[in-house]
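Side chains are part of it too, since the values below use all heavy atoms of this structure and drop only hydrogens, waters and symmetry mates. Lettering of chains follows the sequences in order, A, B, ..., and the numbering in each one begins at 1.
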There are 4 protein chains.
Amino acid sequence: MIQMTLIQIDNYGPWTVTPTPRRESDLQILQAELYADLQRQFAAKQGLVFFMRFDNMLAISNGMDMEDHLRIQESIGNRYPITVSMGVGTAQTPYDAQRKATRALQSHGGAQSEDRKEVLAIDALADDEGFVQIAHIDINGITETLTDTMPAYDTSFVVNRVQHFLMKKLIKKGSLLFFIGGDNFMSPCNGLAPEGLLKIINEIKDEINIALKAGIGKAPTAEKAANLADLALEEIRGGFTYDLVHLMKE
Amino acid sequence: MIQMTLIQIDNYGPWTVTPTPRRESDLQILQAELYADLQRQFAAKQGLVFFMRFDNMLAISNGMDMEDHLRIQESIGNRYPITVSMGVGTAQTPYDAQRKATRALQSHGGAQSEDRKEVLAIDALADDEGFVQIAHIDINGITETLTDTMPAYDTSFVVNRVQHFLMKKLIKKGSLLFFIGGDNFMSPCNGLAPEGLLKIINEIKDEINIALKAGIGKAPTAEKAANLADLALEEIRGGFTYDLVHLMKE
Amino acid sequence: MIQMTLIQIDNYGPWTVTPTPRRESDLQILQAELYADLQRQFAAKQGLVFFMRFDNMLAISNGMDMEDHLRIQESIGNRYPITVSMGVGTAQTPYDAQRKATRALQSHGGAQSEDRKEVLAIDALADDEGFVQIAHIDINGITETLTDTMPAYDTSFVVNRVQHFLMKKLIKKGSLLFFIGGDNFMSPCNGLAPEGLLKIINEIKDEINIALKAGIGKAPTAEKAANLADLALEEIRGGFTYDLVHLMKE
Amino acid sequence: MIQMTLIQIDNYGPWTVTPTPRRESDLQILQAELYADLQRQFAAKQGLVFFMRFDNMLAISNGMDMEDHLRIQESIGNRYPITVSMGVGTAQTPYDAQRKATRALQSHGGAQSEDRKEVLAIDALADDEGFVQIAHIDINGITETLTDTMPAYDTSFVVNRVQHFLMKKLIKKGSLLFFIGGDNFMSPCNGLAPEGLLKIINEIKDEINIALKAGIGKAPTAEKAANLADLALEEIRGGFTYDLVHLMKE
Ligand SMILES: Nc1nc2c(ncn2[C@@H]2O[C@H](COP(=O)(O)OP(=O)(O)OP(=O)(O)O)[C@@H](O)[C@H]2O)c(=O)[nH]1
Ligand SMILES: Nc1nc2c(ncn2[C@@H]2O[C@H](COP(=O)(O)OP(=O)(O)OP(=O)(O)O)[C@@H](O)[C@H]2O)c(=O)[nH]1
Ligand SMILES: Nc1nc2c(ncn2[C@@H]2O[C@H](COP(=O)(O)OP(=O)(O)OP(=O)(O)O)[C@@H](O)[C@H]2O)c(=O)[nH]1
Ligand SMILES: Nc1nc2c(ncn2[C@@H]2O[C@H](COP(=O)(O)OP(=O)(O)OP(=O)(O)O)[C@@H](O)[C@H]2O)c(=O)[nH]1
Ligand SMILES: [Ca+2]
Ligand SMILES: [Ca+2]
Ligand SMILES: [Ca+2]
Ligand SMILES: [Ca+2]
């Protein structure tokens, strides 16, 4: 079982244009710092946050309880002009976990409701049997083939295209996909077998001719799973395995 | 003429895995804080940065000269474990400006070269005739139709899909597209007529049934253009214009 | 027993002037952000950091073990151009705890040694019997008598003078004193009786005619002790006790 | 003429305890980040901020006009749970400049007034003849004699003592003194002759046996003056001058 937390800024849309539209640079700074801040606080509990849409973020939160979530909400409320609400869900797949987390939060009111503020809606927490499976997916040799030869925007266009294809294929397996910068993606993917991911990678090679590789980690917390995924990726990079998908467990 | 700056972290890929893969949460915090920091410094000169791939960011920098860029590079070098190089280009369209900015930087060495460090490569600066045109594109009623009813990941999936379609159509016009959080996109679009954008918005409505609206701003600097675009968007939102695309100039 | 951690930037002096003196604003931002960052990470473990000299900070760290300290050092090393070493000491009084923490670190090399880097030197950790006693000391009515009537610098001059007197008197009791902003001070003061602090407050009233009040908190962690001290201070402010020093325990 | 800006958090005292005392670690993070943020924004205009009491900061702002101050206030208001008011004053000495800045702000209401919010009160701006004189004062060989041999708190005690003596002596000359971390102080000191500062340094050597040195810089902006002061200090450190006080101008 994987546990996911949806973090949503309360009534953010109206705030951004009240009384007149706030300077976009300020909104960008606010969003990036809020994300960095939440990341630091979830990381202190071995969780991992994905920025997603910035006003709505998803985190893997196995090992974190109600108290941990409340502390973070309070700390944000003390230091930002906005507050955040959270929903927590647990399921066999990341897709279902975020679905339950979302529903739990939605049942307390809409994202632009004026009444909903700093809600913490927990559907279920993962127990000790819970675990996290994360794939770290990376484009082969992007520096040589794209970054150093193509216009910067074209490279980002390719990366966005890869993201789009990966999202479409992974969601069918109940797995999520998040861009984490550079040519890197992280996929919370409990329930997905390495062969399933390899098949997707092969399809993308065929369809859009981009070569990917993926390290997979499996562990009790997001931090450890991500770390194992990184190590597995380095094994592939270093040529220690011929496979394009490599799994490491605790 | 629009002036664009490519900001690239020097030799970042190798650094992230030396001596062993660095904790992903730390990389995420580093990237988000670097972006927020650059945004603040460009904003002080009325520029605007887009995070793009985080290790490669694009900024609109009309009005900023060599000295301004050098100061920012030095300040980043003083406070982060990494350094940044920059390329600056100017052209009739944003696409061409970033292409020239990229080429200027690439000519000084690759992104993972060990020798290239804190390079500032200026192809050309915009003169006083230069101006910035920005479209702020937004999805209609996302809160009701998606955020408050669908799982959070599905909403972000839709937003990503819209991004993909917009990117594909805008690049043909020499315009760029960046996601700025929520259901919002900003498009540097010098050279694109309002009718051209309206046509794209109509096509997207037909093809994937998502209704968009767009405010366009035109001004000497990115900050002013973005602000006018916001005001134009509010005109549409407030029902003061029937058009889905509305332009405001200084 | 109170546990204290000395955090020292490695070889910082030389770095600030290499190759030429770095811009002072950058150093100030670096120091303030490093402090805020450490505070957030210690707070996630119920610790509390005092900025002291910024290149040397002292933290109360009861409840934090070797692993907790190592994680923080690694995270700083991943995101800043500098690294930090730490010493940890435990004793009956805060003064002795920081003395042991300092000595533990000093035995591994000097603050400007080129060889010493990211050292963690633990003399002793507090056990479950350990506790933290903190006094939150505040000037009465500073807003009316000083802030709103005197030049800003004169007010800060008075606050600095109070700090100087408090430091001199408290150190004799084995207690420390840190300025925490505004007209507020925090004193880690295990071993100091409320009467002892009241005597000091009365002396200061006599000697420099400044009226102080103090809430004291006693708990297993710095966070809880500080919170109780705050509540005790509010009791005095609210007139619920006639004493100028008020103690609250768990 | 030197221009100084007083930055004051609006109605901060009551906010820190409403509805119950906020977590001290959160307040510390808020204060440090606010200071770093203001520093970055003033630095973009060649100004320099001193944290002073954190809820009341003083900045040297020669070269900054009304528009520059308004932008900063707006940006803070967009990203923090609190707002700031400012007063600006100009005079022959830094002491008088901050006095005028304070009075200008005080005339708009008290620091804990519920009505005063985001006020900008400008008494007078410096004209093109204005200049900034800054002394960077540093303790000789603190690493060997104190940091590496004494308990960390004792070292900070000595530094605080030096600060107290310097403040007392400098204020008589119309000069201010701010601690900037480590064993360093910065003194805005328009109107103070190098000999005057040398005399103070000699007195402190006699009275408390601490050896100081000081670089002085004189330039149109705080940034340039501070930089020249740093270079002058390096001249002394490098043995290129026998004097303990050394002045450099543009
Ligand atoms: N977030 C994150 N980004 C990374 C990580 N490793 C690399 N990157 C990013 O990915 C970019 C490309 O680096 P690499 O993947 O090493 O370069 P490459 O040319 O594709 O080389 P190979 O992947 O080895 O074929 C870098 O600039 C970083 O932005 C990581 O662990 N986390
Ligand atoms: N970056 C950025 N994000 C914004 C801005 N305005 C709104 N958002 C984001 O967009 C999300 C949706 O808000 P709205 O667009 O107001 O909501 P909506 O339901 O789509 O309503 P309409 O657009 O009025 O139909 C908010 O949660 C914000 O994240 C803005 O100016 N800049
Ligand atoms: N760090 C910190 N600063 C505080 C706290 N409470 C107040 N302050 C600061 O202290 C300043 C003065 O506030 P107060 O102490 O409430 O004001 P006062 O006029 O002295 O009133 P009384 O103390 O009630 O007599 C504020 O501007 C804040 O900077 C706190 O809990 N922590
Ligand atoms: N803010 C700031 N702090 C500095 C600067 N230079 C040094 N420091 C601090 O001062 C501390 C002591 O460094 P130094 O002054 O070089 O060391 P020292 O042993 O006193 O040596 P000398 O001054 O050369 O006799 C460092 O740890 C830094 O914290 C500076 O330019 N700005
Ligand atoms: Ca790669
Ligand atoms: Ca919308
Ligand atoms: Ca008070
Ligand atoms: Ca020194």
Side-chain angles (χ1 to χ4, degrees), chain C residues 6 12-13 17 21 23-25 27-29 31-33 35-36 39-40 42-43 48-49 51-56 58 95 98-99 101-103 106 110-112 143 147-153 155-157 159-161 163-164 167 171 176 180-183 186 223 226-227 230-231 233-234, chain D residues 6 12-13 17 21 23-25 27-29 31-33 35-36 39-40 42-43 48-49 51-56 58 95 98-99 101-103 106 110-112 143 147-153 155-157 159-161 163-164 167 171 176 180-183 186 223 226-227 230-231 233-234:
Chain C
L6 169 64
Y12 183 52
V17 291
R23 213 180 291 156
E24 188 58 38
S25 56
L27 297 180
Q28 292 302 309
I29 296 167
Q31 292 171 6
E33 293 195 332
Y35 166 59
Q39 188 70 268
R40 209 180 265 124
F42 273 81
L48 191 59
V49 188
F51 59 76
M52 204 162 60
R53 296 201 289 139
F54 285 102
D55 60 344
N56 284 266
L58 276 174
Y95 181 82
Q98 63 83 32
R99 192 172 51 77
T102 309
R103 198 180 290 164
Q106 285 168 341
Q112 298 197 356
T143 312
T147 310
D148 287 351
T149 46
M150 304 277 283
Y153 187 77
T155 304
S156 92
F157 188 88
V159 171
N160 185 265
R161 200 158 169 234
Q163 179 178 358
H164 193 67
M167 282 178 111
I171 204 171
L176 310 180
I180 58 167
D183 63 340
M186 277 213 170
E223 179 173 302
N227 187 235
D230 287 352
L231 294 173
L233 197 62
E234 286 303 288
Chain D
L6 170 64
Y12 183 52
V17 290
R23 213 181 290 155
E24 188 58 38
S25 56
L27 297 180
Q28 292 301 309
I29 297 167
Q31 293 172 5
E33 293 195 331
Y35 166 59
Q39 188 70 268
R40 210 180 265 125
F42 273 81
L48 191 59
V49 188
F51 59 77
M52 203 162 60
R53 296 201 288 139
F54 286 101
D55 61 344
N56 285 267
L58 275 174
Y95 180 82
Q98 63 84 31
R99 192 171 50 78
T102 310
R103 198 180 290 164
Q106 284 167 344
Q112 298 198 352
T143 312
T147 310
D148 287 351
T149 46
M150 304 277 283
Y153 187 76
T155 303
S156 91
F157 189 87
V159 172
N160 184 265
R161 199 157 171 235
Q163 178 178 358
H164 193 67
M167 282 177 112
I171 204 170
L176 310 180
I180 57 167
D183 64 340
M186 277 212 170
E223 179 173 301
N227 187 236
D230 287 353
L231 294 173
L233 197 62
E234 285 303 287

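Separation of atoms CD (D:Glu24) and CG (C:Asn227) is listed at 10.5 Å; rounding is to 0.5 Å. Atom CD of D:Glu223 sits about 5.0 Å away from atom CZ of C:Arg23, to the nearest 0.5 Å. Taking CZ of C:Arg53 as the start and OG1 of D:Thr155 as the end, the distance is 5.5 Å to the nearest 0.5 Å. Atoms CD and CG, from D:Gln163 and C:Asn160 in turn, are 4.5 Å apart once rounded to the nearest 0.5 Å. Note that CD of C:Gln39 and CD of D:Glu33 are 11.0 Å apart. Values are rounded to the nearest 0.5 Å.
With chain D as the partner, the residue from C:Val49, C:Leu176, C:Asp230 showing the most heavy-atom pairs under 4.5 Å is C:Leu176. The candidate from D:Ala43, D:Ala226, D:Ser156, D:Ala101 with the greatest count of non-hydrogen atom pairs under 4.5 Å with chain C is D:Ser156. Comparing C:Leu233, C:Asp55, C:Thr147 by how many heavy-atom pairs each has under 4.5 Å with chain D, the most go to C:Thr147. Considering only heavy-atom pairs separated by less than 4.5 Å from chain D, the leading option among C:Leu231, C:Thr149, C:Val159, C:Leu58 is C:Thr149.
Taking the side chain as every heavy atom from C-beta outward, D:Ile171 and C:Tyr153 approach each other to under 4.5 Å.
Taking the salt bridge (charged side-chain N to carboxylate O under 4.0 Å, His left out) definition, one finds that C:Arg99 meets it with C:Asp96, sequence neighbours left out.
Contact of D:Met186 with chain C is made through the side chain alone, with heavy-atom distances under 4.5 Å. Looking at C:Gln106, only its side chain comes within 4.5 Å of chain D, counting heavy atoms on both sides. Only the side chain of D:Leu6 comes within less than 4.5 Å of a heavy atom of chain C; its backbone N, CA, C and O stay farther away.
Side-chain atoms of C:Thr102 come within 3.5 Å of backbone N or O of D:Ala152 as a donor-acceptor pair. Not one N or O on the side chain of C:Glu234 forms a donor-acceptor pair closer than 3.5 Å with the backbone of D:Val17.
For D:Tyr95 and C:Phe157, the ring centers sit 6.0 Å or farther from each other. Taking the six-membered ring for Trp, D:Phe54 and C:Phe51 have ring centres closer than 6.0 Å.
For D:Gln31 against C:Gly181, the heavy-atom pair with the smallest separation is OE1-CA, 4.1 Å.
Between the side chains of D:Gln112 and C:Thr143, at least one donor-acceptor pair of N or O atoms lies under 3.5 Å.
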message = side-chain contact (heavy atoms from CB on, under 4.5 Å), that's the test. Do C:Ser25 and D:Leu48 meet it? Break it down for me.
response = CA-CA 7 Å; C:Ser25 56; D:Leu48 191 59; 4.2 Å; yes
